[in-house]
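Input: a single structure, listed below in structure tokens.
Order of the sequence lines fixes the chain letters, A, B, ..., with proteins taken first and strands second; residue numbering starts at 1 for each chain. These numbers come from the heavy atoms of this one structure, side chains and all, not from hydrogens, waters or symmetry mates.
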Amino acid sequence: MRSDRGDRAPRALTLAAIAGLLFLHLPLLLIFLYAFTTEEKSYAFPPPGFTSKWFGVVWERQDIWDSIWLSVKVAAIATAIALVLGTCAAAAVSRAKFFGRDYISLLFILPIALPGIITGISLRSAFSIMDIPFSAWTIVLGHATFCIVVVYNNALARFRRLSENMIEASMDLGANGFQTFRHVVLPNIASALLAGGMLAFALSFDEVIVTTFTSGTGVSSKTLPIWMLDELIRPRQRPVTNVVAIFVVAVTFVPILAAYYLTREGEHTGGAGK
Amino acid sequence: MKPAVSFQHVSRHFGSVRAVDDVSLDIGEGEFFALLGPSGSGKTTCLRLIAGFEQPTSGHIEIAGETAEGVPPYKRNVNTVFQDYALFPHMTVLDNVAYGLMVRGISRPERHAEAEIALSLVALPGYGARRPSQLSGGQRQRVALARALVNKPRVLLLDEPLGALDLKLREQMQVELKTLQRNLGITFVFVTHDQGEALSMADRVAIFNNGKIVQAGTPEDVYERPMVKFVADFVGSSNVLPPEFSERLGGPRKWTSLRPERISVGQGTGASVLARVNSVHYQGSVTRIVADTGGQRIAANVPAGGLRVTEGENISLHWPLTAMHAMDDG
């Protein structure tokens, strides 16, 4: 039941909502604030002065650039693997009917529901047993486990809306399997794949737990989040970490926002095309 | 001349279900052929066997004299109008219609010109720039038709294409489809569960029940001379009279079919019975009277403006002996 008086929330609820938002976002603002502080050893409030010199310092440090490059590389490759495998799995599960299909679907989603620490430990043991040396590639494999899930979920939802008849219509009109995929299936799932891929990239880019277990020990195996964690323990040039944090926020926030708008739009067009 | 489509003892089983069970059938070149039957009777599976979406479990299919088994749908010179039209939502109407030509590698200007011609054929000229979502149900149906016809198929398959349209539009499309088929000379194979649709449009009708063809013939054949009880009952509506009853009234000692419109009330020659009116249903052009005579229900159609009867009244029913058509028990 909706009443006419109900369009204004009670004051207490409004306050609670504001408090909740502040609690979520104030720490983010602090990161921005302390990226510009002149004090480099502690988070004194208010900051004694403001400077933009830390951006220059970050620019000069090779270890940061290495970490950023590693993170981007890992996220890109893990996302690429997830796009291929996730799409194939979603296509199979949505189209074919076979024994145990629902369980297989559950198994695909499990890695994102499992605590990262379990995934991490199991992967580390598996790599050790198989004598696979830890490298950027082991991190990629670790990240691919949960990246596949987001791609799979996005693609599955879209495949279910794609009418089976549409694929048959394409074949009926003379298109072979490849042409049907290129001209009918791909255009209909493209925005879902883009959204899934962006989410996967963002997830991989700031992953810590699985990375800890699947990366080696050398400097060259530090992804950006791991580098930041290490940096916090050592109290030198603290604002540098904050500058990098701003960079991470930018890199992950933009794709997530884009993914949000893409999938929202997809629902409109997908629903109208029946 | 080779038949356009030929089924020789074709079966299609899904597990233990015999969706199509030993069907033999010849559809002539240029024929408008209807596959009629209740849902689950195998008619749609037959259509999918012709299109190539299903392969027969056993038996042999020929399309235009060539073996069809093992030939994938995209290599068959057969096109389908799907029940839900299955238009591509991400393409314009023109690109939808031109799709079959596009995948064959025909140049853009050429295929768009062909698609325009096909659109005017279905009375939708100038609709090419729109999206399928901007069209009404009837217009989408025409686009689906144009998209199939643009490929100049040997056989056009239509899977309950009028099912989603309202009555007025459906009647209009029946006439248009029939005219289109006559003008193009393409073989149409039409799946429907609507017996009126099948009778009014088709040159020949095959009636399906439980995966088998129970009778095939012209609309007059199946309506006037049903061979089995199922056909008498499914095509139109009929009084199916048991052998004893039929014999007592001067008919053969067999199950017989008696069409309600052949019965007159009050006076007439031939067979006659006294009956008590159970119910009266006004249907506009006719009034249907359901009456009971010694445990046998008989339905009669009386033309509008005829005599008035009321429930519970005793009436006499008459029909010519030739109106009783003997059938097999099946």
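- Of the two parts of B:N151, only the side chain, counted from C-beta on, holds a non-hydrogen atom closer than 4.5 Å to a non-hydrogen atom of chain A.
- Counting heavy-atom pairs under 4.5 Å between each of A:N176, A:D172, A:N165 and chain B puts A:D172 at the top.
- Counting heavy-atom neighbours within 6.0 Å of A:R182 CZ, excluding the residue itself, gives a total of 12 or less.
- For B:R154, the CZ atom sits in a loose shell: 12 or fewer heavy atoms of surrounding residues, nucleotides or ligands are nearer than 6.0 Å.
- Heavy-atom neighbours of chain A within the stretch residues 101-108 of chain B, taken at a separation under 4.5 angstrom, comprise B:M102, B:V103, B:R104.
- With a 6.0 Å radius and a threshold of 12 heavy atoms from other residues, nucleotides or ligands, B:F14 has its CZ atom above the threshold.
- Contacts of B:V81 with chain A are absent, with no heavy-atom separation under 4.5 Å from either backbone or side chain.
- For residues 61-74 of chain B, a heavy-atom distance under 4.5 Å to chain A picks out B:P73, B:Y74, given by residue number.
- Counted within 6.0 Å of CG on B:N210, heavy atoms from surrounding residues, nucleotides or ligands total 12 or fewer; the atom is thus considered open.
- Under the side-chain hydrogen bond (donor to acceptor under 3.5 Å, both in side chains) criterion, the residue pairs touching residues 156-166 of chain B are B:E160-B:H193, with sequence neighbours excluded.
- Considering CZ of B:F88 and CG of A:N188, their distance stands at 9.0 Å, rounded to 0.5 Å.
- Between chain B and the options A:E168, A:E164, A:M171, A:Q179, heavy-atom pairs under 4.5 Å are most frequent for A:E168.
- With sequence neighbours excluded, the residues satisfying salt bridge (charged side-chain N to carboxylate O under 4.0 Å, His left out) with B:E54 are B:R12, B:R48.
- When side chains are defined from C-beta on, B:P89 counts as touching A:M166, because their heavy atoms get closer than 4.5 Å.
- A:S170 approaches B:Y99 most closely through the heavy-atom pair OG-OH, 2.7 Å.
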